[in-house]
Amino acid sequence: MRVVRSTVTRALTVAACLAALCAPTAAEGQDAGPERSWRTAAPGGGPVSAQLSLTDSGGLTLTARDGRTTVLRPSALGIRTAVTDFSAGLSFVSRRDRPVHETYTTTSGARTRHTLDATESVFTFRKQGRMLRIALRVAADGVAYRYELPRGDGDSGTVTVLGETSQYAVPAQADSYLLPYDNGRQDYESIHQHTTLAQAKTGTDYGYPSLFRVDDDSWMLLGESGLDSSYAGSRLTLDRVDADAGRFSLKLPDPAEVATAPFATPWRTMVIGDLATVTESDLITDLAAPSKVADTSWIKPGKAAWSWWSDGQSPTSLAAQKKFVDFAAEQGWEYVLVDSGWSNDWMPELTAYAREKGVGIWLWVRWQTIDAASEINTLLPRWKGWGAVGLKIDFMESDGQDRMRWYDAIFAGSAKYELMLNFHGGTIPRGQQRTWPQLMTVEAVRGAEGTRPRPGREPFPAGHYTTLPFTRNLTGSMDFTPVTFTGVRPTSDAAELALSVVYESGVQHFADSVESYAARPLAERFLAGVPTVWDETELVDGAPGDRAVFARRSGGEWFLGAVTSGGARTLDASLGFLGSGHWLLDLYRDAPGGGLAVETREVTADSRLVVDVPANGGFAARVCPAEEGRESCG
């Protein structure tokens with residue numbers, strides 16, 4: 001959890017609950033009396049709170065607030081199994097509260113060290129002798145809930161879920177950033193639609209995350225966390241928009257989900273706060289299961305050259321791949337990704353060649369090649385024996401429970417054989433980078449693959465580039481494959497370079513040709529230094545679809561990236577995130593005649609970085625301590 005508005009401590013967390021910021025608690029099984037509405041608040045007196053209510057029909061609703069602003073109007077909760085419909089006829093049994101405090105690390109993400117402070121309330125309800133629990137968590141940066149079923153259907157040890165009545169009633173005046181969901185391919189590669197809820201298309205499925213601006217200072221990001229093989233990945237359907245709210249229902253891809261009791265659904269997450277709070281939040285990661293990988297010393301994020309983008313035939317050629325290995329070694333990039341077309345005949349030679357130069361090889365593979373346990377246990381150790389360090393796995397194209405079983409199998413297999421992972425043609429990450437830290441990145445985005453030059457190709461809308469940092473990238477690492485100078489793009493050169501900072505990915509694939517980068521030595525200079533592991537991330541300035549200015553710290557240095565959509569303008573960025581003392585700032589900007597220019601300034605935390613940028617422009621910067629005799633950070 002990233003707390004932006006206030007800093008809280010564990011002591012305050014405990015004190016908050018004891019001071020009755022949470023409603024009174026009934027012991028499990030104790031008669032709870034006539035209560036029909038219960039409030040849970042963020043620890044430390046933060047502005048976020050949630051209210052669970054029991055309706056006259058015995059149904060449940062959830063309301064969420066950010067201070068005085070209602071960001072989620074009363075929204076139905078409920079789950080239907082083959083035996084019991086828990087959407088009505090419920091009676092309250094008990095409530096238990098506890099403070100939650102956790103610290104943990106990840107190998108990638110907006111930061112690697114995380115602290116979670118939240119209040120958890122577990123409510124138990126009864127219907128016809130069967131129990132339903134609602135686990136509700138409220139933190140400074142949002143609200144989440146999940147359903148828990150302690151027993152199987154009938155006398156069996158399994159639970160068969162036929163659907164949910166889960167709903168999100170978003171205030172009707174909210175602006176929305178919605179991702180149309182491709183039900184055919186079941187992927188996340190559409191372009192977000194920015195609209196008001198009143199104008200949004202009903203009867204349409206939308207993928208996570210969905211972003212809403214409810215008022216000037218209150219935002220809400222809807223998502224999901226803690227998905228595994230016990231359930232399918234859900235999505236949203238906009239059912240209707242009335243005077244009060246746009247009403248989204250949660251939709252599952254399968255007619256039934258079958259799990260072993262006791263059973264819990266994934267967390268339904270609402271990241272809530274101002275834009276900085278939402279952008280810097282760890283809530284989705286916080287709610288995921290702890291790491292299942294004890295030794296992570298073999299997991300190494302880094303930068304990779306990817307030849308397929310610039311030359312689709314290059315993966316079939318050993319000579320071409322050796323050329324990219326040489327280039328990666330010269331640039332100090334850790335990896336080369338060999339895409340579809342590589343050969344068993346020469347791959348061991350390539351991995352040995354790359355290893356001598358300090359470069360690791362990633363292999364592309366279609367998921368059907370390793371969709372059985374026997375294939376996982378045969379091919380993964382074979383590729384590992386060749387010297388491969390990771391796999392790019394493609395074309396899963398499903399959110400169904402059966403595919404989630406495959407994901408769990410490949411997570412376990414890749415951890416066993418120490419191979420890192422990159423998923424393409426599949427679903428978004430939902431916190432798995434905490435549970436399985438070898439997951440370096442995931443596509444699930446309309447990325448630079450769609451900018452490869454070809455006749456008649458149009459560039460993406462510029463607003464696509466400035467929306468992704470506030471939507472897709474907030475649910476986990478994003479393999480956009482940026483910094484493709486020869487692509488069909490609206491971005492200026494400096495904005496394209498800045499994507500290496502603005503877009504977070506545990507392995508960042510730079511996809512242009514060797515010749516393209518060699519023609520831009522300033523870009524090579526910046527990319528040689530930019531890391532992919534971050535200790536800290538701050539939103540300096542931004543508005544989805546218009547501009548995104550991020551500062552990310554790695555060790556003792558800061559990197560800035562700024563991208564804009566629209567006309568030329570002046571960006572004025574605070575440097576208040578810097579520590580005390582004097583710093584050098586290398587600014588990479590668009591040169592007046594085209595291309596890139598660099599200049600170095602001495603700055604402090606009190607300085608402001610004022611940069612004129614062209615249409616769809618931006619800048620990149622590297623900031624290091626000013627030391628005697630040092631003239632730049634490069």
Side-chain angles (χ1 to χ4, degrees), residues 1-2 103-115 279-282 284-286 288 290-291 293-306 328 331-337 358-360 362 389-390 392 414-415 418-423 429 431-442 469 473-483 497-510 525-540 550-561 577-579 620-625 633-634:
M1 175 189 67
R2 172 68 172 171
T103 59
Y104 63 95
T105 60
T106 54
T107 55
S108 60
R111 61 192 56 81
T112 56
R113 296 184 181 275
H114 311 260
T115 300
T279 304
E280 299 172 23
S281 170
D282 290 332
I284 291 175
T285 309
D286 289 342
S291 175
V293 181
D295 176 16
T296 60
S297 60
W298 54 275
I299 303 171
K300 301 182 185 301
K303 294 166 283 191
W306 179 37
Q331 299 302 311
W333 300 357
E334 292 84 354
Y335 303 116
V336 165
L337 167 61
V359 175
W362 286 66
V389 299
K392 173 185 174 180
S414 61
E418 298 188 351
L419 289 165
M420 292 178 283
L421 294 173
N422 169 16
F423 293 127
Q432 291 97 333
Q433 286 176 278
R434 178 184 181 185
T435 310
W436 299 104
Q438 76 272 26
L439 178 58
M440 290 288 93
T441 192
V442 174
N473 214 176
L474 299 188
T475 195
S477 289
M478 180 177 74
D479 196 23
F480 186 91
T481 61
V483 196
L497 183 64
L499 296 180
S500 63
V501 176
V502 175
Y503 294 165
E504 184 278 319
S505 182
V507 169
Q508 195 76 278
H509 293 93
F510 300 132
R525 170 180 158 182
F526 184 80
L527 294 179
V530 69
T532 67
V533 178
W534 305 108
D535 299 307
E536 194 172 351
T537 291
E538 290 201 14
L539 175 65
V540 177
F550 279 78
R552 303 188 192 269
R553 181 178 64 82
S554 178
E557 294 191 338
W558 285 87
F559 290 78
L560 284 89
F577 53 84
L578 294 175
R622 182 176 180 178
V623 191
C624 59
C633 301

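Everything quoted here is computed from the prediction, not taken from an experiment.
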Colleague: What is the distance from atom OG1 of Thr441 to atom CE of Met420, rounded to the nearest 0.5 Å?
Modeller: 12.0 Å
Colleague: Side-chain contact, heavy-atom cut-off 4.5 Å: Met440 with Tyr335?
Modeller: no
Colleague: Determine the sole option in Thr285, Thr106, Asp282, Thr537 for which the side-chain hydrogen bond (donor to acceptor under 3.5 Å, both in side chains) test with Arg111 is passed.
Modeller: Asp282
Colleague: State whether the side chain of Thr105 and the backbone N or O of Thr112 hold a donor-acceptor pair below 3.5 Å, judged by distance alone.
Modeller: no
Colleague: Is Trp362 close to Val507 at the side-chain level, that is, under 4.5 Å between some pair of heavy atoms?
Modeller: yes
Colleague: Between Gly506 and Ser477, which heavy-atom pair has the shortest distance, and what is it?
Modeller: N-OG, 3.5 Å
Colleague: Output, in order, the C-alpha distance, side-chain angles, deciding distance and verdict of side-chain contact (heavy atoms from CB on, under 4.5 Å) for Leu527 and Trp333.
Modeller: CA-CA 9 Å; Leu527 294 179; Trp333 300 357; 4.2 Å; yes
Colleague: To check you understand the geometry: which heavy-atom pair defines the closest contact between Cys633 and Val623, and what is its length?
Modeller: SG-C, 3.9 Å
Colleague: Sequence neighbours excluded, which residues qualify as side-chain contact (heavy atoms from CB on, under 4.5 Å) partners of Thr435?
Modeller: Ala288, Ala289, Lys292
Colleague: For a 4.5 angstrom cut-off between non-hydrogen side-chain atoms, does Val293 reach Gln438?
Modeller: yes
Colleague: Which pair of heavy atoms, one from Val501 and one from Gly561, lies closest together, and at what distance?
Modeller: CG1-N, 3.7 Å
Colleague: For the CD1 atom of Ile299 and the CH2 atom of Trp436, what is their distance to the nearest 0.5 Å?
Modeller: 10.5 Å
Colleague: Just so I know, are the side chains of Phe559 and Ser500 near enough to count as touching, which here means a heavy-atom distance under 4.5 Å?
Modeller: no
Colleague: With side chains defined as the heavy atoms from C-beta onward, is the minimum distance between Arg113 and Asp535 less than 4.5 Å?
Modeller: no
Colleague: Within the 4.5 Å heavy-atom criterion, are Leu539 and Phe550 side-chain neighbours or not?
Modeller: yes
Colleague: Donor-acceptor pair, Glu504 side chain versus Gly109 backbone, under 3.5 Å?
Modeller: yes
Colleague: Donor-acceptor pair, distance only, cut-off 3.5 Å: does the side chain of Arg434 make one with the backbone of Asp286?
Modeller: yes
Colleague: Think Arg553 forms a cation-pi with Phe577, using NZ or CZ under 6.0 Å from the six-ring centre and within 45 degrees of its axis?
Modeller: no
Colleague: Tell me if a side-chain donor or acceptor on Glu334 pairs with a main-chain N or O of Lys303 at a distance below 3.5 Å.
Modeller: yes
Colleague: May I ask you to check whether Gln433 and Ser108 show a side-chain donor-acceptor distance below 3.5 Å?
Modeller: yes
Colleague: Could you report the tightest heavy-atom contact between Gln432 and Leu439, atom names first, then the distance?
Modeller: CB-CD2, 4.0 Å
Colleague: Name all residues meeting the side-chain contact (heavy atoms from CB on, under 4.5 Å) criterion together with Thr481; count only those two or more places apart in sequence or in a different chain, and write none if there are none.
Modeller: Trp306, Ala448, Asp479, His509, Ala511
Colleague: Might you point out which heavy atoms bring Pro437 and Thr296 nearest each other, and give the distance in Å?
Modeller: CG-CG2, 3.8 Å
Colleague: Can you tell me how far the NZ atom of Lys300 sits from the OG1 atom of Thr532, to the nearest 0.5 Å?
Modeller: 12.0 Å
Colleague: Indicate yes or no for a side-chain donor-acceptor contact from Gln508 to the backbone of Tyr503 under 3.5 Å, with no hydrogens or angles considered.
Modeller: yes
Colleague: Please check if the side chain of Thr103 supplies one atom and the backbone of Thr115 the other of a donor-acceptor pair under 3.5 Å.
Modeller: no
Colleague: Looking at every heavy atom in both Ala110 and Trp534, which two are closest together, and how far apart are they?
Modeller: O-CB, 3.6 Å
Colleague: Backbone N or O of Val533 within a donor-acceptor pair of the Arg552 side chain at under 3.5 Å?
Modeller: no
